[in-house]
Amino acid sequence: MKFVISFGFVLHLLFLVSIFYIYFRSPILTDLEAQNELPNPPAKRLVVFVADGLRAESLYEVHLNKTPFLADVILNRGISGISHTRVPTESRPGHIALFAGLYEDPSAIFKGWQENLVEFDHIFNRTSVTYSWGSPDIVPIFAKGSTGGKVMTFSYDPNDEDFSGQSDTTLLDEWVFERVKKFLEEEENVEKVKNKDKIVLFLHLLGLDTAGHVHKPNSKKFIENLIAVDKGIQQIYELVEKITNDQKTSYLFTSDHGMTDRGSHGDGTHFETETPIIAWGAGVKNWNKIENFVHNQLHYHMLNKLVPRFDIEQADVTPLLASLIGVPVPVNNIGKLPHQYLNATTEFVANALKNNALQLLKQYKKLYMRTRQKKFMYFINDEEYRIENRVGKMEYLLMQAIKAKKYDEIPDIAETLMHVAIESIEFYQQYYKYELLVCLAITMTGWIYILVQQLYVRDHHTSHSRGSKSQQLAVLIVICLVFALIFFNYIQNTPSMVTLYFILPVITWYFVYLRKNYAKFPSSSKIKVFIGIFILLVTTELMILSFFHRNYLSVVLIGHCLYEMSISNSSRRMNLKLLASTLALAVFPALPSVEKDSKENYLLYLGILIWIVKVFNETRSHKFSKALILQLSIVSVTSLNLIYIIFCLDNSLGVPKVSQSLCWILAGVSLVTPIVSPLNIKQRISAIENGLIIIFMSMSLSYEPLFFMAFVTNLKYWIEYEFNLHQENVERLDDLTFDLEGSPFQLRFVNLGDVRRVTKFLLYLLIALFGTGNIASISSFDPNWVRCYISTFSPFLMTILIILKLVMPILYLTCCLKALNVITKIKVQKLFIMILIICDVMCLNFLFLVKNRGSWLDIGTSISHFVIMEATVLVLSLLYVVATVLTTFSLHNAKNIRSINNLPLLSKSSLD
């Protein structure tokens, strides 16, 4: 068993990170040389405004009449369009795309997006000096690792980022505008800005993002913040023009990401991926002076005027900014210069496009040379030769046009070369995709077979045959295969991690062979086994579909309940209770996801009322025991405090500090209250749900407490159903306790009933994850969930609290698994092995469903699905430890049940 635990942990860790070798390789290449600076650029300095969280629709279609300065720029002075972002639509990835021209290194996902732990080149690193003002979460990103102290940063206190609704969000942006004004009023700074070339002023404006989160993008507060931004930009523009007076300043206004109507972002909906981009000033075209538009030119109606729309990708902003002031494009940039924005000579535009194309070509050649270091060239596929020919042809045409100074021809050639180079870069970043997918599928199939063997492992297996000739031959074959694979991949210059994935199938199936005599499979009817496997696969596939369509969970849950009723030996009344509670729970996956909408407060109040009534009835039925009186008091105080907080937020009063402190105290006490209740299964389970609802309720916005009530009610009836199905004598569920020492486990084979229970458990797990929303969607995590606990922006603490809310139903479910463990008297290790088998089958499905093309919503969701299933068993194992404490530790009558030996996959008997 020690081997299974160790090998399984390593295997799943490699399986989890495999998507970054198959689909999402790091875009950062080292040792690349930058291109030369462009001579005689149109601008000496850049002023860049980034309005965090502003979507294109909010400015262009809804509120343009409230922003007179930006409207005037769009209609009369410059050029505008939509900048298309990528997922995840978060602040750090958006800013890196804007100023480095690359889409966030996937490894940064594991580093929090807060620190610049991944080295990359950016445009600020190429300037003579950059001054930046704004959020402490953004402006330091580009200062860390910059050469020669070129990036100067000024940011406000993190505690100023208030999400309680009490503070005026415009103050964040006014802080930036005021500091920039003071900076430009000092004579020393004026001289630098006026006389130095290649200077950038970067203003990060967080107010709109905060207003969108707290008040929503269509609210009055958001509009007021947008008006303040418009006025501030006008003031900075007029001040810069006044002190420089040389018409050598370029201006750009854009956003890092958009936002949904409910004030969230992170996914790939058009509200989140479409941001405004407006450019004007030195070196920027005025669309009114463009004589000939392309035949498919996009337009939009603005203030009764038809305005041409020049859309770009977000990474395209980087080469645009670099060209305006003549600095080299960052070496890892994958953006293409939108030359239709440039107002410069034909020669300058041609040189700028040439530099951009050659910079992309260097990345292609770096990747190309890696593959050309192979010893055996016949492993080069036809696609590589096709790419090589296309790139070579376009590079030759570009060099010829440059040599002949045919500046009119260079733009078309350079654009084609850039397009081909980017496609080629993407090809080489997924170079081993299909080979890795095949190897991982073979590996996981072998691992699943090992788990099946472990289910039927003999109680006293022997190892006398380990020295047999067949096993000695197998060891020799495996060693030879491994060394052959290592040697072959070494001379082929294959990356070491890819080589490791190629070796995994050999090692995994060797262990399958080695353990072939460890298991003793039951002599069951082949028809029964076939039917069981078929039902399991169908249910598993339906659960996979539920990740894409939540309402499928309702269908599967009802179908599973009807099947259980058909084999039930419970009373008709018990069956009706199970069916009614199942139907009630099945309603929730069919409902719309919980969104930030104050009009749904009545559902929250209804859920609060039902929980108070429920706890009161339990207290009365148990003759007002001290433990239940304590829980009733906590639920009542929490409910009143939550209602008061909602009242304060609705009236823009913010969350009182006393109420916040009370929330923390009640949350801490509620997690301890279950251990003062009796160890009787029914009473302890009720005490646990009454404790967990405190945290869950205080982080609810709508019908979540109603969902939790339906969830716990259905689970309790299911436990009672399983008890009736397995009772062997006249003992009652009321008499059964979590005293595992008094309930010895049976040494029996796993049967189809165990598979049915595990499948039902996983079905409940998915309902816990998707019952009130889509956990796979980053934007479904609403910062307002934590309004009772924290007001200021603190990503780390907010994330912990959000995870805590998501974990509450799963923790309760794990406690119910503990109860089933007692009822069925099967070792919990076997239950977890069956859970692991089903999860791994689902993971294998999701591995092949991961996308890196198509809509950014689909790409982000596919990654989330894979990661969720990969992490499921690990999370359940950790929660089982917590569930063991909640169910077996008791201060009631000073009794403490010690059952550490029954933790999943860790019992002493299983390790022997």
Side-chain angles (χ1 to χ4, degrees), residues 528 531-591 610 614 681-682 685-686 689 703-704 706-727 733 750-772 809-810 812-824 826 831 834-835 838-839 842 876:
K528 284 185 177 179
I531 293 173
I533 293 174
F534 176 76
I535 293 174
L536 179 63
L537 289 176
V538 171
T539 307
T540 302
E541 292 303 317
L542 286 173
M543 287 194 289
I544 290 171
L545 288 174
S546 69
F547 276 73
F548 304 94
H549 307 282
R550 288 172 57 225
N551 51 356
Y552 278 35
L553 288 172
S554 303
V555 176
V556 180
L557 182 64
I558 295 172
H560 207 288
C561 176
L562 293 175
Y563 171 73
E564 287 179 331
M565 291 175 63
S566 69
I567 62 172
S568 172
N569 61 356
S570 301
S571 65
R572 183 179 179 184
R573 182 181 179 186
M574 179 65 235
N575 287 337
L576 288 176
K577 285 182 179 179
L578 181 64
L579 178 61
S581 62
T582 300
L583 292 174
L585 181 58
V587 168
F588 291 93
L591 293 176
I610 290 175
K614 179 254 186 193
I681 283 182
K682 291 183 75 172
I685 286 291
S686 293
E689 67 196 36
Y703 59 74
E704 298 103 303
L706 293 173
F707 161 77
F708 199 61
M709 174 61 75
F711 186 73
V712 301
T713 303
N714 189 232
L715 272 169
K716 284 196 291 189
Y717 286 140
W718 183 48
I719 291 173
E720 192 170 342
Y721 164 86
E722 293 293 343
F723 174 78
N724 293 335
L725 199 63
H726 288 83
Q727 63 178 353
L733 181 60
V750 172
N751 55 41
L752 291 179
D754 296 320
V755 176
R756 173 185 57 80
R757 279 183 287 277
V758 167
T759 306
K760 184 70 174 287
F761 174 84
L762 284 173
L763 183 57
Y764 279 126
L765 176 65
L766 294 182
I767 290 174
L769 292 174
F770 295 99
T772 60
I810 304 174
Y812 179 78
L813 175 62
T814 313
C815 291
C816 292
L817 179 66
K818 190 82 174 171
L820 284 177
N821 181 220
V822 175
I823 291 169
T824 60
I826 185 174
L831 291 176
M834 287 188 285
I835 291 171
I838 297 175
C839 287
M842 295 176 72
L876 286 176

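Numbering starts at 1 and runs along the sequence shown. As the structure is a computational prediction, the values presented were derived from the model and not from experiment.
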**Asked** Nearest 0.5 Å, what's the CG-CD1 distance between Leu585 and Ile767?
**Response** 4.5 Å
**Asked** Is the backbone N or O of His560 less than 3.5 Å from a side-chain atom of Arg756, with the two atoms forming a donor-acceptor pair by type?
**Response** no
**Message:** Rounded at 0.5 Å granularity, tell me how far SG in Cys561 sits from OH in Tyr721.
**Reply:** 8.5 Å
**Asked** Which distance, rounded to the nearest 0.5 Å, do you find between the SG of Cys816 and the CD1 of Ile685?
**Response** 4.5 Å
**Partner set under side chain to side chain donor-acceptor pair (under 3.5 Å) for Glu720, not counting sequence neighbours** = none
**Message:** Let me confirm one number: the CG-CZ distance from Leu817 to Arg757, rounded to the nearest 0.5 Å.
**Reply:** 11.0 Å
**Prompt:** Can you name the side chain to side chain donor-acceptor pair (under 3.5 Å) partners of Lys577, sequence neighbours left out?
**Reply:** none
**Fill in**
Between the CZ atom in Phe761 and the CG atom in Leu766, the distance rounded to the nearest 0.5 Å is 10.5 Å
**Item:** Exam field: side chain Ser568 to backbone Met565, donor-acceptor pair closer than 3.5 Å
**Value:** no
**Message:** Would the distance check show the side chain of Asn569 and the main-chain N or O of Asn724 forming a donor-acceptor pair, the cut-off being under 3.5 Å?
**Reply:** yes
**Prompt:** Which residues satisfy the side chain to side chain donor-acceptor pair (under 3.5 Å) test with Thr582, sequence neighbours excluded?
**Reply:** Asn714
**Request:** Measure up the Tyr703 and Phe588 rings against each other and bin them: parallel (under 30°), tilted (30 to 60°), perpendicular (over 60°).
**Result:** tilted
**Asked** Would you call Lys614 and Glu689 a salt bridge, using N to O less than 4.0 angstrom?
**Response** yes
**Item:** Euclidean distance, Thr759 OG1 relative to Ile838 CD1, rounded to 0.5 Å
**Value:** 4.0 Å
